[in-house]
Amino acid sequence: MTSEASPDLVVEERGRPTPAPAAAPSAGALVVVLVGTFITVLDFFIANVAVPAIRSDLQAGAAQAQLIVVGYGVAFTAGLITGGRLGDMYGRRRMFFLGMTLFMITSAACAFAPTIDFLVVARIAQGASAALMVPQVLGIIGTVYTGAARGRAFTTYGLIVGLAGVFGQFIGGALISVDVAGLSWRTIFLINVPLCLVSLAFVKRTIPESRGAGGTRLDLTGALLVTGSLALIVFALLEGQERDWPAWVWGCLAGAAVLVAVTVRHLRRRAADNAGPLIEPALFRVRLFTVGLAATVVYFLAMGSFFFILALYLQQGMGLSPLESGLVFLAVGAGYFGASLVSARFAGKLSARTVACGPLTLAAGYTAVAFTANGLGPRGNVLWLLPMLLVAGLGMGLTTGPLTNLVLGAAVPEHAGSASGLMNTAQEGGAALGVAVAGSVFFPALAEAGGSAGAYPDAFSLTLVPLVGLGLAAAALVLVAPGRAARG
C-alpha cells in the first residue's frame, strides 16, 4: 500500500488552503480509514450474537449483559460530534491514529476481560475510542478526494458501513462456532488487534494531515452539553423498551430535551462571538444538508431496526442457530454489495431524486418480506425469504453511500469535521432509536400472542409495517431536498 502524498503535508482549511500534492492520492488512504470504519460498526452488531456465550462464561446478569451492548453504543454515539471537532482542531490524521490505537488496546482488554464488570468498562472505553476515530473518516475522505473520486469514496464508505452491519451477525456466529483455541466469544474482540496493527503502520504513509476552521480551543461546555444530551437520549431509548418504559426513562428524555435547548442557545452564542462552537450552526442554513440529515436519521431508523427484529425472528421464531441466521443475512449483503457497486459507478451523477429510489426500494423489499414471512408461518422454509431480502439489501445499497455523498457534499470543507460528526451521529442514533421503535411494536405483539415460537412470524410481519412507513418517509424527505446533483 503506497501513496504519492507526503506524510508531512497539512491541508489547512482556515482561509487560504495549502496546495494539494500534484499527484492524486492513492486508494491507500481510503483502505486504511475504511478498516477503522468496518471494525467499529462491526463491533456494535457482533456483540449481540456473543451475549449468550458471555453470560454463561462470566456469570453475567441480564442488566450486565445489556450493558455490553448499550455501554458501547452510548459512548460511541455520544462522543461522535466531539471527536469530529477534535479532528478539526488538532488534525484528522492524528486523531484517527490515536483513536485506532486506543480502539486496539480496548479491544484487547475486552478479549481478555476476567469479569463481567471489567468487560462492561472496557466496552464503554472501546466505544469512546471509536467515537474519536470514526468522525475523522468522512472528514479525511472529504478533503483528500475530489470530483468523481470523492463521490466513489463516499459510496464505498456506505458500502463498508452496510456490510459491517449486515455481516456482523454472520461473522460473530462463525467465530464463536469455530471456537479458535477455545477462546469462544473472546475472538470477536481479539480479531480487531491485528487489523488495527496493520492499518496503523500505513496511516502516516497514506493519509495527509488536515484541519478545519474555528477556534484553537475545544468548546468544553458545548462538548459536555452535546455529549450529555446524546447520552441521555440514546441510553433512554435503548433501555426504555427493555425495561417497559419506567418513569426514570421518561425523566431522562425530559432532561435531554432541556439539555438540547440549552445546547442550541450555547452554540448560537459561541458562533455569534466567533469563538469556535462545537457544532457550527451555519451548517443548518444549507437546506440540502439539513433535510438530508433528517432523511439519514429516518433511513437508519428503518435499517438498524430491521437487523434487530430479523435476527430475533430467525433465531427464536424459526429456530436457526446464530451461524444459520447469519447465512440468511448474506442475502441482504449480496443485494447491498451489488447496489453499492452500481452506486459507486454513478456517484458523480446522482441527484436528490435519484437517491430517493433507494429508500423506496427498501420499503418495497420490507413489504415483500412481511407478506412472505406471514405466509410461511412458524414451520415454513426460510429460503423463500431470500429473494425479498435481496431486494431489501438493494435498497440499502442504493441509499447509504449516495445519501452520505449528497448530504456531506452540501457542507463547506472548513466544517467537514462537524458535518462528519453530525452524519455519524445521525446514523448511529437513528439505528439505536430504530431498535426502540421496532421493539415497541414487536414485543407487545409477541406477548399478546402468547410469546411462543409460533407467534414470531405475525409479530415480525406487523413490525415491518412502521419500517415500511419509515422507508417511504426517508424517500419523501430526499425528494423535498434541492434536486441538484451531489457534489463531488
Q | From CG (Leu119) to CG (Leu58), nearest 0.5 Å | A | 6.5 Å

Q.
Side chains of Ile81 and Pro135, heavy atoms from C-beta outward: is any pair under 4.5 Å?
A. no

Q. Going from CZ on Phe76 to CG on Leu132, what distance comes out if it is rounded to the nearest 0.5 angstrom?
A. 11.0 Å

Q | Point-to-point distance, once rounded to the nearest 0.5 Å, from CZ of Arg85 to OG1 of Thr82 | A | 10.5 Å

Q. Quick one: are Leu389 and Leu310 in side-chain contact, heavy atoms under 4.5 Å?
A. yes

Q.
Run the side chain to side chain contact (heavy atoms under 4.5 Å, CB included) test on Thr425 and Thr77 for me, step by step, so that the C-alpha distance in whole Å, both residues' side-chain angles and the decisive distance to 0.1 Å come before the verdict.
A. CA-CA 6 Å; Thr425 302; Thr77 305; 4.3 Å; yes

Q) Atom CG of Leu30 and atom OG1 of Thr156: how far apart are they, to the nearest 0.5 Å? A) 5.5 Å

(Q) If you compare all heavy atoms of Gly28 against all heavy atoms of Thr206, which two are closest, and at what distance to 0.1 Å? (A) C-CB, 3.8 Å

Q: Give a yes or no on this: more than 12 heavy atoms of other residues, nucleotides or ligands lie within 6.0 Å of atom CZ of Phe38.
A: yes

(Q) Checking Leu98 against Tyr90 for the side chain to side chain contact (heavy atoms under 4.5 Å, CB included) test, could you report, in this order, the C-alpha distance in whole Å, the side-chain angles of both residues, the deciding distance, and whether it holds? (A) CA-CA 11 Å; Leu98 177 59; Tyr90 300 114; over 6 Å; no

Q. Between Ile124 and Ala75, which heavy-atom pair has the shortest distance, and what is it?
A. O-CB, 3.4 Å

What donor-acceptor contacts under 3.5 angstrom involve side-chain atoms of residues 195-203, with partners at least two apart or in another chain?
from: Ser199; atom 1: OG; to: Leu195; atom 2: O; distance (Å): 3.0

Q | Flag, side chain of Arg123 to backbone of Ile68, donor-acceptor distance under 3.5 Å | A | yes

Q) Under the side chain to side chain contact (heavy atoms under 4.5 Å, CB included) criterion, do Glu324 and Val382 qualify, and how do the steps go? A) CA-CA 11 Å; Glu324 289 170 336; Val382 295; over 6 Å; no

Q: Go through the structure and list residues passing ring-ring contact (aromatic ring centres under 6.0 Å, His included) with Tyr313, not counting sequence neighbours.
A: Phe460

Q.
Show the nearest heavy-atom pair for residues Gly471 and Ala302, with the distance to one decimal.
A. N-CB, 4.3 Å

Q.
So does Leu86 get a backbone contact from the side chain of Gln136, meaning a donor-acceptor N/O pair under 3.5 Å?
A. no

(Q) How about CD1 on Ile191, more than 12 heavy atoms from neighbouring residues, nucleotides or ligands closer than 6.0 Å, or not? (A) no

(Q) Which heavy atom of Val32 sits nearest to which heavy atom of Ile207, and what is that distance? (A) CG1-CD1, 4.0 Å

Q.
Under a 3.5 Å distance rule, please check whether Glu209 uses its side chain to pair with a backbone N or O of Arg92 as donor and acceptor.
A. yes

Q) Is Asp57 close to Arg186 at the side-chain level, that is, under 4.5 Å between some pair of heavy atoms? A) yes

Q: Can you tell me which residue pairs pass the side-chain hydrogen bond (donor to acceptor under 3.5 Å, both in side chains) test with a partner in residues 293-310, sequence neighbours excluded?
A: Tyr299-Thr400

Q) Nearest heavy-atom pair of Val355 and Pro402: which atoms, and what distance? A) CG2-CB, 4.0 Å

Q: Considering non-hydrogen atoms only, spot the tightest contact between Ala474 and Val298 and give its length.
A: N-CG1, 3.7 Å

**Q.** Atom pair CE/CZ of Met396 and Phe307 - distance to nearest 0.5 Å
**A.** 4.0 Å

Q. By side-chain contact (heavy atoms from CB on, under 4.5 Å), which residues pair with Ala125, not counting sequence neighbours?
A. Thr106

Q: Would you mind checking if Asp219 and Arg270 are paired as a salt bridge, meaning a charged N to carboxylate O distance below 4.0 Å?
A: yes

Q: Indicate yes or no: at least one non-hydrogen side-chain atom of Leu293 is less than 4.5 angstrom from one of Phe284.
A: yes

Q. Taking C-beta and beyond as the side chain, do Phe97 and Arg93 meet within less than 4.5 Å on heavy atoms?
A. no

Q | Side chain proximity check, Leu314 to Phe329, heavy atoms < 4.5 angstrom | A | yes

Q) Where do Phe306 and Leu362 land on the side chain to side chain contact (heavy atoms under 4.5 Å, CB included) test, with the steps shown first? A) CA-CA 11 Å; Phe306 179 70; Leu362 180 75; over 6 Å; no

Q: Please examine the side chains of Leu224 and Thr221, heavy atoms only from C-beta on, and report whether any two atoms are closer than 4.5 Å.
A: no

(Q) What I'd like to find out is whether the side chain of Met303 reaches to under 4.5 Å of the side chain of Leu470, using heavy atoms alone. (A) no

Q.
Going by side-chain contact (heavy atoms from CB on, under 4.5 Å), name the residues that satisfy it together with Phe112, two or more places apart in sequence or in a different chain.
A. Leu190

**Q.** Partner residues of Ala282 under the side-chain contact (heavy atoms from CB on, under 4.5 Å) criterion, sequence neighbours left out
**A.** Glu280, Arg285

Q | Straight-line distance of Trp185 CH2 to Ile54 CD1, nearest 0.5 Å | A | 5.0 Å

